[in-house]
There are 4 protein chains.
Amino acid sequence: MTDESERRTKRADARRNEQALLDAAAAVFVTSGVDAPVREIAARAGVGMGTIYRHFPTRPELVVAVYRHQVEACADAGPRLLDESPTPEAALRAWVALFVEFLVTKHGLAGALQGDSAGSDALHAYFVDRLVPVCGSLLQAAFGRTGARHVPPVDAYNLMKGIGNLCIGAAADPAYDAYRLVQLLVTGVLSGSNR
Amino acid sequence: MTDESERRTKRADARRNEQALLDAAAAVFVTSGVDAPVREIAARAGVGMGTIYRHFPTRPELVVAVYRHQVEACADAGPRLLDESPTPEAALRAWVALFVEFLVTKHGLAGALQGDSAGSDALHAYFVDRLVPVCGSLLQAAFGRTGARHVPPVDAYNLMKGIGNLCIGAAADPAYDAYRLVQLLVTGVLSGSNR
Amino acid sequence: MTDESERRTKRADARRNEQALLDAAAAVFVTSGVDAPVREIAARAGVGMGTIYRHFPTRPELVVAVYRHQVEACADAGPRLLDESPTPEAALRAWVALFVEFLVTKHGLAGALQGDSAGSDALHAYFVDRLVPVCGSLLQAAFGRTGARHVPPVDAYNLMKGIGNLCIGAAADPAYDAYRLVQLLVTGVLSGSNR
Amino acid sequence: MTDESERRTKRADARRNEQALLDAAAAVFVTSGVDAPVREIAARAGVGMGTIYRHFPTRPELVVAVYRHQVEACADAGPRLLDESPTPEAALRAWVALFVEFLVTKHGLAGALQGDSAGSDALHAYFVDRLVPVCGSLLQAAFGRTGARHVPPVDAYNLMKGIGNLCIGAAADPAYDAYRLVQLLVTGVLSGSNR
DNA sequence: GATGAATGAGGTTTCATTCAT
DNA sequence: AATGAATGAAACCTCATTCAT
């Protein structure tokens with residue numbers, strides 16, 4: 001066995017474990033929230049607790065890793081939707097729908113986005129860093145077209161956080177329609193006035 | 001001292017204790033959230049922990065008791081605002097502003113409203129029971145005036161819960177303007193369409 | 001039952017527990033050293049772990065409490081021995097013998113006296129604060145009598161710490177005679193020269 | 001490559017690894033004590049943790065190996081000092097100074113010398129086996145010269161262990177002068193009496 | 001032989017809740 | 001009724017040690 005193939009083998013092992021952890025964490029987060037006990041996640045992944053700490057020394061790192069794929073997909077969808085949609089408003093609505101879909105299916109994620117106002121929390125920071133610019137572009141495009149004299153009544157950070165908040169607890173309550181509420185919020189925003 | 005006077009004395013004692021507990025809990029909730037340690041509340045009230053359990057066997061019961069006055073005030077304000085406001089829409093906006101004011105100043109309260117969708121959580125149930133009808137009246141009034149062919153795009157329960165969600169974490173993040181977002185949501189609702 | 005007797009009853013309870021803890025800790029310290037697991041001490045005392053934390057929030061506080069009586073006895077013995085002994089040198093030797101007796105019978109205590117050089121460790125600090133002055137008086141008395149031109153070749157802090165060190169591990173090694181070594185050190189000190 | 005040359009190559013490899021480990025351990029012991037985490041040592045040596053266990057299955061074996069050179073140097077210095085010094089007492093003092101110098105600069109080493117009285121601990125056993133005879137010769141020489149009727153008030157084992165103990169924690173406490181105390185102890189020993 | 005990922009025992013600390021006084 | 005001491009489950013995190021690759 002060559003050095004290289006040996007290295008690859010080991011990495012494959014570790015990667016398999018890491019994937020098992022991400023899958024387990026995703027599943028546990030759904031049922032027990034992102035603050036679920038480390039032991040529970042480890043047990044579901046079929047690994048020892050130490051293994052979690054090796055791969056993800058802190059909890060935010062794990063949470064970020066669990067949702068990284070979807071956050072990236074969301075971020076990438078922004079520019080694409082702007083291209084493909086008939087109007088910027090439609091692009092914003094479509095993107096918001098994607099974002100809601102993402103948050104609603106990840107129980108507890110929306111709540112975990114709060115974090116310190118200081119932005120010190122790694123998860124919150126990651127979401128903000130990655131998605132606020134995307135959301136901002138869409139928002140600006142929508143208002144650019146609406147008329148030069150109009151400016152958005154909220155900035156992208158507020159809109160993002162508002163959407164995130166509206167999605168909290170959505171999956172657990174069939175009577176609560178987060179999607180509808182978010183679209184109404186967007187309607188309010190696009191109406192260009194907060195009064 | 002007669003048996004009766006003794007009983008009366010004890011009741012006065014107990015009532016005084018209960019009030020001290022409510023005041024202490026309100027203060028602690030503001031700084032440490034509604035999940036603050038029991039000990040902290042007891043200490044601030046100057047009573048033993050057992051006393052809390054005697055008066056409020058479960059935490060939701062305590063939380064409900066702490067905020068009962070303000071919930072009642074909110075509920076009472078609904079009909080009054082409908083009378084006093086120039087339009088039903090204005091009444092709705094004014095009421096919503098009251099509700100937001102209430103939630104934002106009570107650190108952690110908005111988050112605690114989640115509870116099970118089954119309505120099994122005492123706090124959630126109390127809020128819903130008491131305020132959804134009020135909110136419903138205002139909503140109906142606004143749409144009744146707007147035109148017979150219009151129906152609200154969301155029911156009062158969804159609107160209430162959406163407003164509650166938008167207020168989560170508002171006090172901790174100066175960059176987040178819950179009031180503005182809620183009003184934009186109301187704008188969206190009143191625009192009569194979710195598309 | 002009067003308020004006062006009731007209070008006394010409760011205190012008696014707590015005091016009994018505290019004493020059980022001190023006894024258990026003393027016993028466990030002998031076999032497992034002063035870093036013995038909290039659980040072990042709690043188990044031996046027949047109390048829950050939380051009870052230890054209630055009475056002694058930090059480990060040094062527990063250790064200090066365990067040995068306080070004996071430290072105080074040692075401190076009190078200093079002046080008395082100076083009065084009763086035929087010479088100051090004899091007083092110093094007698095006191096040192098007492099101190100050695102104390103340390104040798106408390107397995108692990110001598111080692112625990114190390115602590116940070118900064119003196120930040122509570123146990124180390126307590127020993128130093130309480131005993132160095134006593135040891136200093138004896139030392140000064142011995143040298144005062146020996147002749148005005150003589151000064152001790154070490155200060156009381158060094159002598160104390162040296163004696164403490166010589167006692168480390170004494171109980172565990174029958175071939176090691178800490179008492180003898182300490183007296184030889186004192187002989188060296190009293191000989192008035194380090195060369 | 002022949003089998004033999006391959007074996008030789010591997011041995012060179014292994015020896016290089018072992019040396020790297022010894023160097024790394026020596027460095028880490030200075031900063032973190034002889035109980036430093038295995039990982040830390042492995043990392044500094046640039047090898048895997050398993051390699052440490054292959055070369056030194058137990059920690060005492062590693063510690064012994066790390067200090068073997070210096071222990072041997074100490075042992076060798078004994079006879080030489082006896083030859084070169086003007087008096088046996090001077091030789092003893094010089095040797096003791098060497099030993100103290102060694103212990104004080106090796107953070108945590110003195111403390112690790114304790115071990116079981118049964119001599120089961122490999123580190124303790126090695127030190128005793130190697131140095132007690134040397135110390136014994138010097139002691140005997142000093143007392144032989146002093147007068148036939150004098151015998152040392154302590155045996156070499158006690159003196160060695162006493163010196164070792166006096167050096168515990170010396171590096172961490174600038175106010176503690178282990179060298180001075182040890183010389184005073186030797187003075188006491190040479191004064192030929194423990195009373 | 002070497003590697004380092006994985007394991008899991010072991011120690012710590014916090015707090016909701018009970019119950020003797 | 002009130003008290004608050006006691007309980008102990010629960011969660012965290014760290015390493016020594018093993019073993020598959």
Of A36(A) and T51(B), whose closest DNA chain F nucleotide lies nearer the 5' terminus? T51(B)
Within this structure, what is the CG-to-C1' distance between L62(A) and dC13(F), rounded to whole angstrom? 15 Å
Measure the distance from CD1 on I41(D) to C1' on dC15(F) and round it to the nearest whole Å. 12 Å
May I ask you to evaluate whether N17(B) reaches the phosphate of dA1(F), defined as a side-chain N or O under 4.0 Å from OP1 or OP2? no
Should F29(B) and V63(B) count as side-chain neighbours, where that means a heavy-atom distance under 4.5 Å? yes
E40(B) and S32(B): which non-hydrogen atoms are nearest, and at how many Å? OE2-OG, 3.1 Å
Rounded to the nearest 0.5 Å, what's the gap from CZ on R15(C) to CG on L21(C)? Could you check? 14.5 Å
E40(A) atom CD is separated from dC12(F) atom P, nearest whole Å, by 10 Å
Phosphate-side-chain proximity, H55(D) and dA2(E), N/O vs OP1/OP2 below 4.0 Å: yes
Can you tell me if R54(B) touches the phosphate of dT3(F), counting only side-chain N or O atoms and a distance under 4.0 Å to OP1 or OP2? no
What is the distance, to the nearest angstrom, from the CG atom on L21(A) to the C1' atom on dT7(E)? 13 Å
Take the protein atom CG of D35(C) and the nucleotide atom P of dG11(E), then report the distance between them rounded to whole Å. 11 Å
Without decimals, in angstroms, what is the distance between M49(D) CE and dT17(F) C1'? 8 Å
Got a minute to check which stems DNA chain E is part of, using Watson-Crick or G-U wobble pairs under 3.5 Å, three or more consecutive? E:2-21 with F:2-21
Closest-nucleotide 5' rank along DNA chain E - winner of P37(C) and V47(D): V47(D)
Can you find a heavy atom in the side chain of D35(C) that is under 4.5 Å from one in the side chain of R59(C)? yes
Minimal non-hydrogen separation, A42(A) against I52(A), with atom names: N-CD1, 3.7 Å
Nearest-Å distance, CZ (F56(D)) to P (dA16(F))? 16 Å
Report yes if the side chains of V64(B) and V71(B) come closer than 4.5 Å at any heavy-atom pair, otherwise no. no
Could you check whether any side-chain heavy atom of L62(B) comes within less than 4.5 Å of a side-chain heavy atom of I41(B), counting everything from C-beta outward? yes
Spacing of I52(B) atom CD1 relative to dA16(E) atom C1', expressed in whole Å: 11 Å
Please determine if a side-chain N or O atom of R39(C) lies less than 4.0 Å away from the OP1 or OP2 oxygen of dG8(F). no
Would you kindly compare G50(A) and V38(B) by the position of their nearest DNA chain E nucleotide and give the one closer to the 5′ end? G50(A)
Take G46(C) and Y53(A), find for each the nucleotide of DNA chain F with the closest heavy atom, and name the residue whose nucleotide sits nearer the 5' end. G46(C)
Nearest-neighbour nucleotide for the A14(D) side chain, dA2(E), dA16(F), dT12(E) considered: dA2(E)
